[in-house]
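Order of the sequence lines sets the chain letters (A, B, ...), proteins ahead of strands, with each chain counted from 1.
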Number of protein chains: 2
Amino acid sequence: MPLNNPTRTAPVTTADKVFEQMQHAIVEGDILAGSKISEPELAKQYQISRSTLREALNRLEKCHLVERKANIGSRVVECTIEGLLELYIAREALEGMACRQAAINITDEEINDMQAMLKQHSESQALQDGLSYYQEQGDLDFHYKVILASHNQQLINLICGQLYHLVRMYRCQFGMNSPRASRAFNEHSGIIQAISDGDGELAEMLMRRHIAASRKNIESRIADQTIQENNKESK
Amino acid sequence: MPLNNPTRTAPVTTADKVFEQMQHAIVEGDILAGSKISEPELAKQYQISRSTLREALNRLEKCHLVERKANIGSRVVECTIEGLLELYIAREALEGMACRQAAINITDEEINDMQAMLKQHSESQALQDGLSYYQEQGDLDFHYKVILASHNQQLINLICGQLYHLVRMYRCQFGMNSPRASRAFNEHSGIIQAISDGDGELAEMLMRRHIAASRKNIESRIADQTIQENNKESK
DNA sequence: ACTGTTAAAATTGTCGACAATATAGCTTTG
DNA sequence: CAAAGCTATATTGTCGACAATTTTAACAGT
């Protein structure tokens, strides 16, 4: 998985590289969510000094993947259902607004780019074998493009620079390549249409519904799971 | 100015203290916006080692007050009109949603607290002498309380932990204790009412209008300024 | 056996020195 | 004289060691 965040800058310093490695490890769950981070241990593991490791930890903190307490240490963030739902609430607000701004600020080139992407998705989806690709990378690509098209640096930083690392982490760890592929494609299509039309109000509404639908999908699946677990316990 | 961000934690380490001092200095403009930060110089100034200073810089970076480039150095963020307007767009999205969530999640205690605050504001406003206080601290208090009442940690972190440092910086440096005092009070009042009623949809709409009105107020004042400057140039 | 105290070990925070990189000023060359 | 290249200087990145704090373990007293 190439980790293609559009705000990503090429790693130049060693702290950069360790940061990316750790980011990947946390997102994929190789470093367990909620686990404590031992500076001496990890420094030895990556063959760097503690200063450099701490620099990397600071960047992980910036994208909300680890939390640090003074004189206590760092922990990887926890993945809780409540946290996931809260994340989707924030996404709904921010990406909805990004959509509205995209409808105002998008360039012709970006419109063409997005329509080309959509066409490619529809083809690979029709082939069905690319379905998992669509879910994972394709969906991210779509959302990233919309956000960038807002041309609002605040929104871009908040969403791409911070929220989406968590989004990817949750997707990996909860194993959510949800069965909303075809519906998501149609929704993406409608959103791009509204943006192209310059209809910011509609674009925002559609994006908010799109994300809210994902959230409700998760909520209902969680509810099902909970029922199943209760049944198991009671039998 | 007490710098009363509700997500603030008591500074325990020296890096914490230097961070707070620098944060204050940047917000107030004592360290100039857009200026380069010399690590050796500032380390000497605060009588700390470069490592500790860098730790403080990392935290300033987390709340988007400074930006760092590898092998080049750190700069204080610039204060541009475009940046300010972008900030208000993001606020509109996030605080609107915070309002909607507050209408769902607020506690009775928090409702009482907000109504008490409102009453206090109305009295001090009636006295007129507290007007500047209302503008500066009172307005912030109101917004902070709404955000906290959302009980959504993502929203709280994003807004209080990051956006609001920039908001305060812009307010200080552009000298904006805007003349919207009485209007703002009425708007605050309506928002609290909607939250108390559990009407999230209305609460979000009112908050968005409230922030959008501020933004438009700024936009028009900027436009006036620009016209004046043009007139000066042409005479 | 359990709780509270104290000492030892481990972890985090801070420091100063060195290495790698970028900036500025000078020299050389067309 | 302008532009490119080189050298010297300054700045940032990385390292290992020490100080301060927290955690663990042992111990004593009830």
Side chain of [X], heavy atoms from C-beta onward: which of [options] has the nearest atom to it?
| X | options | result |
| --- | --- | --- |
| B/T52 | C/dG13, C/dT14, D/dG13 | C/dT14 |
| A/T14 | D/dT14, D/dT23, D/dT12 | D/dT14 |
| A/K36 | C/dA22, C/dT11, C/dC15 | C/dT11 |
| B/R54 | D/dT14, D/dG16, C/dA22 | D/dT14 |

Rounded to whole Å, please give me the gap between [atom1] in [X] and [atom2] in [N].
| X | N | atom1 | atom2 | result |
| --- | --- | --- | --- | --- |
| A/E39 | D/dT21 | CD | P | 17 Å |
| A/E61 | C/dT12 | CD | C1' | 13 Å |
| B/Q47 | C/dT14 | CD | C1' | 15 Å |
| A/E41 | C/dT12 | CD | P | 10 Å |
| A/L57 | C/dG13 | CG | C1' | 14 Å |
| B/K44 | C/dC15 | NZ | C1' | 17 Å |
| B/I37 | D/dT11 | CD1 | C1' | 14 Å |
| A/K69 | D/dT21 | NZ | P | 19 Å |

* **Salt-bridge criterion met for B/R68 and A/E55 (N-O under 4.0 Å)** => yes

* Asked: Does B/N105 use its side chain to pair, donor to acceptor, with the backbone of B/A149 at less than 3.5 Å?
  -> no

* Within the distance-only criterion (no hydrogens, no angle test), does the side chain of B/R75 pair as donor or acceptor with the backbone N or O of B/G34 below 3.5 angstrom? -> yes

* Asked: Are A/R100 and B/I89 side-chain neighbours, meaning at least one heavy-atom pair lies under 4.5 Å?
  -> no

* To do: Could you pick out which residue, A/L53 or B/G73, lies toward the 5' side of DNA chain D when each is mapped onto its nearest nucleotide?
  => B/G73

* Asked: How about B/H165 and B/H24: are their ring centroids closer than 6.0 Å?
  -> no

* Examine C/dG13: is either OP1 or OP2 under 4.0 Å from a nitrogen or oxygen in the side chain of B/T13? Give yes or no. => no

* Asked: Does D/dG16 have OP1 or OP2 sitting under 4.0 Å from an N or O in the side chain of A/S49?
  -> no

* Asked: Checking only heavy atoms, does the side chain of B/R50 share a donor-acceptor pair with the base of D/dG13 at less than 3.5 Å?
  -> yes

